[in-house]
Amino acid sequence: MPELPEVETFARSIVNAVGGRNVENAASSGLPYCRESVGTVEELLPGKVVTGYRRHGKALFLELSGGLWLYIHFGMSGRPLAFHGDEPPYTRLRIDADGTSVAIQDPRRLGGVGVIRSPDSFVSSRRRGPDALAVSEEEFLSRLKGRRAVKAALLDQSLVCGVGNLYADEVLFQNRILPVRRVDELDDDEKRGVFHWMGKALNASLDVGTDFSLLPEGMMLRDRAKDARCPNCGETWSTATVGGRTSYFCAVCQH
DNA sequence: TTTCATGTTCAGCA
DNA sequence: GTGCTGAACATGAA
């Protein structure tokens, strides 16, 4: 599920559930710890309080009292769920705080966790680009260069952080740009359009709590499926592998 | 049974 | 260094 808007929404729900409460117990199993982790959640979380969060692209950092941060990456199938009583299936991380519990469910276990000292050094050590909702137009345009497909560029987290396969398709659809178009073949107006729709698409999803069915008409993500049709011209979506991922596009509207 | 999936990383190669 | 491909990770869903 998680690209930038999903992770932001997840963060809010986690903080809403356990933020400000004393963590009594925490447990992690089945997810790899990041290299930067200074210890396990079992030993480092009890007695702490989640006091806030930061997010960089798809990476979430929960701020803990005392100065450490809990890093969570949701991978491809991760999501949080507040619960009482029985632990939900596929729980890989759980936090119990003052009688309220949150599980991070991740069936495919492609996510990751860690207790780290600094989100800033974590982000820089992994050569991550700026967050897609924080980057300026000027910086985005200066980073958007090269010969590769524009879709591949949008997926490159060292260029900007937070855009994944679905939102990349939406951005290019809204700009009428085929995913295979090379970055160096885009004119300045097209590049600026990509920047503007990157923000618009991500914020549109945030506005509806990432419920795609509530997105405005005309957005691809309302119905990005094999048998669905372009909201502009009615053509069935085409698909192709670009940047290693399946890309949806309208062969009539996008050039 | 086979294929595909909203992610990341790394090896190999041109 | 750039950029692409394929594989790996692990598992549910179609």
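Chain letters run A, B, ... following the sequence lines, proteins first and then strands; every chain starts at 1.
Across all strands, A:Ala149 comes closer than 4.0 Å only to sugar-phosphate atoms, never to a base (heavy-atom distances). Among the heavy atoms of the strands, none lies under 4.0 Å from A:Tyr167. At a threshold of 4.0 angstrom between heavy atoms, the contacts of A:Gly244 with the nucleic acid are absent. Residue A:Arg35 is in sugar-phosphate contact alone, with no base atom involved, counting any heavy-atom pair closer than 4.0 Å across all strands shown. Here A:Arg127 lies out of heavy-atom contact (under 4.0 Å) with every strand.
A:Lys58 and A:Val7 get closest at one heavy-atom pair: O-CG2, 3.6 Å. Closest approach of A:Glu36 to A:Ser125, counting heavy atoms only: OE2-OG, 3.5 Å.
Distance A:Arg245 CZ to B:dC4 P: 13 Å, rounded to the nearest Å. Between A:Tyr33 atom OH and B:dT8 atom C1' the separation is 19 Å, expressed in whole Å. Between A:Arg143 atom CZ and C:dT2 atom C1' there is a gap of 16 Å when expressed in whole angstrom units. Atom-to-atom, CG of A:Leu144 to P of C:dT2 comes out at 15 Å; the value is rounded to the nearest Å. Atom pair A:Asp156:CG and B:dC10:P shows a separation of 14 Å (rounding to whole Å applied). Distance CG (A:Leu155) to C1' (B:dT9): 15 Å, rounded to an integer number of Å. As rounded to whole Å, 9 Å separates atom C1' of C:dT11 from atom CZ of A:Arg92. Note: CZ (A:Arg147) to C1' (C:dC4) measures 11 Å, nearest angstrom.
Ranking B:dT8, B:dG7, C:dA10 by closeness to the A:Gln157 side chain, first place goes to B:dT8. Out of C:dG3, C:dG12, B:dA5, the shortest distance to the side chain of A:Arg148 is found at C:dG3. Proximity note for A:Ala152 (side chain, C-beta onward) versus C:dG12, B:dG7, C:dC4: the nearest is C:dC4.
At B:dT9, one or more side-chain N or O atoms of A:Arg128 fall inside 4.0 Å of OP1 or OP2 (strictly under the cut-off). A:Ser77 has no side-chain polar atom (N or O) that falls below the 4.0 Å cut-off from OP1 or OP2 of C:dA10. Taking only side-chain nitrogens and oxygens, A:His73 comes nearer than 4.0 Å to OP1 or OP2 of B:dT8. The side chain of A:Arg109 contributes an N or O atom lying less than 4.0 Å from OP1 or OP2 of C:dT11.
Between A:Asp169 and A:Arg224 there is a salt bridge, since at least one side-chain N of the basic residue sits less than 4.0 Å from a carboxylate O of the acidic one.
The nucleotide C:dA14 finds its pairing partner in B:dT2, both defining distances of the Watson-Crick or G-U wobble pair being shorter than 3.5 Å.
For A:Tyr167 and A:Trp197, the ring centers sit 6.0 Å or farther from each other.
Between A:Phe61 and A:Tyr71, the angle of the ring planes lies from 30° to 60°, which puts this pair in the tilted group.
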